[in-house]
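Every chain is numbered from 1, with letters handed out A, B, ... down the list of sequences.
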Amino acid sequence: MTVRRADLTPARLPRGFADRGAAELKTLREMTERIRETYELWGFEGLETPVFEYTDALGKFLPDQDRPNAGVFSLQDDDEQWMSLRYDLTAPLARFVAENFQRLPKPYRSYRFGPVFRNEKPGPGRFRQFLQFDADIVGAASVAADAEMCMMMADALEAVGVKRGDYVIKVNNRKILDGVMEAIGLGGEENAGRRLTVLRAIDKLDRLGPEGVRALLGRGRKDESGDFTKGAGLDDEAALRVLSILKAKTADNLETARRLFEEFSSTESGQDGARELSAIATLIEQAGYEGRVSIDPSVVRGLEYYTGPVYEAELTFTIEDDDGRPIQFGSVGGGGRYDGLVGRFMAEDTPATGFSIGVSRLLAALTALKGETAPAADGPVVVLALDREHIGRSMAQAAKLREAGIAAEVYLGSSGMKAQMKYADRRRSPCVVIQGSDEREAEIPQVTLKDLVEGAKAAAAIKERSEWTESRPAQVTVPEERLVEEVRAILARHG
RNA sequence: GCCGCCAUAGCUCAGUUGGUUAGAGCGCCAGAUUGUGGAUCUGGAGGUCCCCCGUUCAAGCCGGGGUGGCGGUACCA
């Protein structure tokens with residue numbers, strides 16, 4: 001009987017964090033490998049930076065005395081300097097580039113993969129630690145670099161198994177949005193706050209629809225829980241003008257760009273933005289990526305540091321959840337041009353553009369897409385230990401298998417044969433090696449090999465208990481010498 | 001942050017007008033086979049009914065407070 005002690009430590013996972021088991025790790029590894037291959041194929045090189053950065057290097061969030069951990073996990077070093085866990089991979093890249101500027105080839109094409117941390121309320125599919133896989137080009141001011149990023153994002157998605165047509169890379173330009181702001185009289189420093197409100201409203205188009213966005217542009221909006229969100233306070237004319245951006249979208253990228261140009265040619269930034277989009281659309285077409293990348297004026301993206309083209313990768317397929325309701329996965333990555341970011345560290349401004357793939361989210365989407373597949377028998381061969389005094393012999397058998405490149409382990413627990421079989425089953429072992437006194441003491445020493453996959457199939461047909469005990473489905477007894485070949489034959493049956 | 005909902009076994013959940021020993025399914029362990037996983041049957045282990053205070057002869061159930069979780073919304077570099 002277990003004694004319940006008051007001082008036992010509760011075993012609990014911190015909120016917003018997740019453990020990952022063997023199966024998930026495997027698919028994750030395969031997925032990230034595909035992404036890595038894609039990036040390297042495009043000539044990007046790896047870079048790893050630490051999870052901690054000095055807080056000031058990360059950007060605008062300097063922890064103040066009252067709320068040092070708002071948004072970011074922060075702590076003070078022994079010299080009292082604030083350090084924070086990175087909340088994206090872009091700011092650390094900017095720091096690295098600035099610190100190593102002289103010796104890096106420009107343009108500098110690099111990728112990085114790793115966990116990032118955000119100290120905020122977790123939700124379904126939203127964690128406080130998650131994985132990103134970024135690629136960036138630093139030192140290329142041309143929109144050709146932005147076009148490349150979009151194309152490579154498309155390639156990466158296809159490499160991990162998202163079919164063409166099941167995703168779209170949407171591109172917009174912050175300059176268009178800037179132009180609109182200017183046109184409706186929201187230019188200048190004093191309107192920064194309202195501009196942000198407008199951008200946030202546009203960003204919510206997919207979730208709230210045009211009416212919702214309209215409400216947020218004007219007075220505000222009350223949601224189902226009764227909470228009221230204050231709007232941007234635009235008058236009807238201005239609100240319609242903003243909404244007209246969204247209407248400019250057509251199936252034809254060049255046509256969309258042309259419409260945006262006409263609509264917003266009254267401001268310089270609007271013109272620039274539209275011209276850049278037009279250039280990107282042309283490059284996309286010439287490179288053969290039409291249909292995969294789409295000019296979409298509703299894309300807003302990260303509200304802070306983007307200065308030009310912004311892009312977003314969206315999965316367009318839906319699957320049904322347990323209750324038969326459709327789930328949409330939406331954005332699995334995005335990025336844009338951030339010409340000012342490196343400039344925070346150096347006098348010299350350095351153009352840069354890049355994107356980030358939300359690996360955890362993409363993995364969740366792909367897993368859901370594939371559905372519940374029967375787990376493969378990808379565990380190790382388990383060598384049963386029937387007699388403790390002969391465990392050395394079992395170890396020798398396992399060693400032989402390993403020499404042949406076959407994953408194998410000797411059962412090290414203390415339970416009987418039945419439990420050992422159960423163990424092998426749980427390990428998703430394809431096959432167990434059995435050598436008890438019967439086999440060992442035969443004239444020519446033998447081993448019994450049981451094919452667990454075949455055994456499971458045979459079991460499905462058996463109804464009577466006596467059949468279980470009397471038939472020994474899917475197992476063979478062979479000379480011990482032939483152990484490796486026979487195991488290999490069983491493994492070969494199951495690919 | 002704001003609004004709402006919820007908290008009983010490892011999991012999903014029942015639990016009568018407040019009444020004695022708190023249940024089910026699944027899972028787990030074991031036996032049916034002293035050498036065989038997955039079907040079946042039988043048995044077993046497993047509970048601070050989230051915590052504290054209150055009402056009551058009596059609280060899983062009623063009241064108050066706290067904590068935790070979930071959903072929506074806001075924020076999201």
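Here the side chain of A:Lys418 is nearest to one of B:G35, B:G31, B:A77, namely B:G31. Of all nucleotides listed (B:A77, B:A74, B:G37), B:A74 comes nearest to the side chain of A:Leu208.
Residue A:Ala459 is classed as a base contact, given a heavy-atom separation below 4.0 Å to a base.
Between A:Arg200 and B:C76, a side-chain N or O to OP1/OP2 separation shorter than 4.0 Å is present. Proximity of A:Lys450 to the phosphate of B:U36: no side-chain N or O atom is located under 4.0 Å from OP1 or OP2. Residue A:Arg15 places at least one side-chain N or O under 4.0 Å from the OP1 or OP2 atom of B:G69. The shortest distance between the side-chain N/O atoms of A:Lys204 and the OP1/OP2 oxygens of B:C75 is below 4.0 Å. One finds a side-chain N or O of A:Arg426 lying less than 4.0 angstrom from the OP1 or OP2 phosphate oxygen of B:C29.
Between A:Ile434 atom CD1 and B:U33 atom P the separation is 19 Å, expressed in whole Å. A straight line from CD of A:Gln446 to P of B:G35 spans 18 Å, rounded to a whole angstrom. The interatomic distance linking A:Asp425 (CG) with B:A39 (C1') rounds to 13 Å, in whole Å. We find that CE of A:Met421 is positioned 18 Å from C1' of B:G31, with the value rounded to whole Å. Distance, A:Asp203 CG to B:C76 C1': 10 Å, rounded to whole Å. When the P atom of B:G71 is taken as reference, atom CZ of A:Arg126 falls 12 Å away, rounded to whole Å. For the pair A:Phe130 CZ and B:C76 P, the interatomic distance rounds to 14 Å; values are reported in whole Å. Separating the CG atom of A:Leu196 from the P atom of B:A74 is a distance of 14 Å, rounded to the nearest angstrom.
Taking atom C1' on both B:G4 and B:G43, the two are 46 Å apart, rounded to the nearest angstrom. Separation of the P atoms belonging to B:C61 and B:G69 is 22 Å when rounded to the nearest angstrom. Taking atom C1' in both B:U73 and B:A22, the straight-line distance is 39 Å, to the nearest Å. Rounded to a whole angstrom, the distance from the P atom of B:A24 to that of B:C52 is 27 Å.
Side-chain atoms of A:Lys121 and base atoms of B:G72 include a donor and an acceptor less than 3.5 Å apart. At a cut-off of 3.5 angstrom, counting only N and O atoms as typed in the model, there is a donor on one side and an acceptor on the other between the side-chain of A:Glu439 and the base of B:G35. Residue-to-nucleotide contacts include a donor-acceptor pair under 3.5 Å from the side chain of A:Gln475 to the base of B:U36.
Stacking of the aromatic ring of A:Tyr305 onto the base of B:A77 is not found under the criterion of centres within 5.5 Å and planes under 30°.
Taking a 6.0 Å sphere around CD1 of A:Ile444, one finds it holds 12 or fewer heavy atoms contributed by other residues, nucleotides or ligands. Counting non-hydrogen atoms of other residues, nucleotides and ligands closer than 6.0 Å to CD of A:Glu443 gives a total of 12 or fewer.
Stems are defined here as 3 or more consecutive Watson-Crick or G-U wobble pairs with pairing distances under 3.5 Å; those involving RNA chain B are B:1-7 with B:67-73, B:10-13 with B:23-26, B:28-32 with B:40-44, B:50-54 with B:62-66.
One finds a salt bridge joining A:Asp136 and A:Arg112 here, because a Lys/Arg side-chain nitrogen approaches an Asp/Glu carboxylate oxygen to under 4.0 Å. Using a cut-off of 4.0 Å between Lys/Arg side-chain N and Asp/Glu carboxylate O, A:Arg337 and A:Glu276 are scored as not salt-bridged. Taking the charged nitrogens against the carboxylate oxygens, A:Lys457 and A:Glu454 do have a contact shorter than 4.0 Å, which makes a salt bridge.
Checked against A:Val332 for a side-chain contact (heavy atoms from CB on, under 4.5 Å), the options A:Ile357, A:Leu366, A:Leu157 give a single hit: A:Leu157.
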Carefully, step by step, assess A:Thr448 and A:Glu439 under the rule side-chain hydrogen bond (donor to acceptor under 3.5 Å, both in side chains).
-> CA-CA 7 Å; A:Thr448 295; A:Glu439 290 88 351; 2.6 Å; yes
Stepwise, does the side-chain contact (heavy atoms from CB on, under 4.5 Å) test hold for A:Lys450 with A:Met421?
-> CA-CA 10 Å; A:Lys450 177 152 186 169; A:Met421 291 298 298; 3.9 Å; yes
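Toward the 5' end of RNA chain B, the nearer of the two residues A:Gln435 and A:Lys457, judged by each one's closest nucleotide, is A:Gln435. Position along RNA chain B of the nearest nucleotide to A:Ser415 versus A:Glu454 favours A:Ser415 as the more 5'-ward residue.
Centroid-to-centroid, the aromatic rings of A:Phe133 and A:Tyr39 come within less than 6.0 Å.
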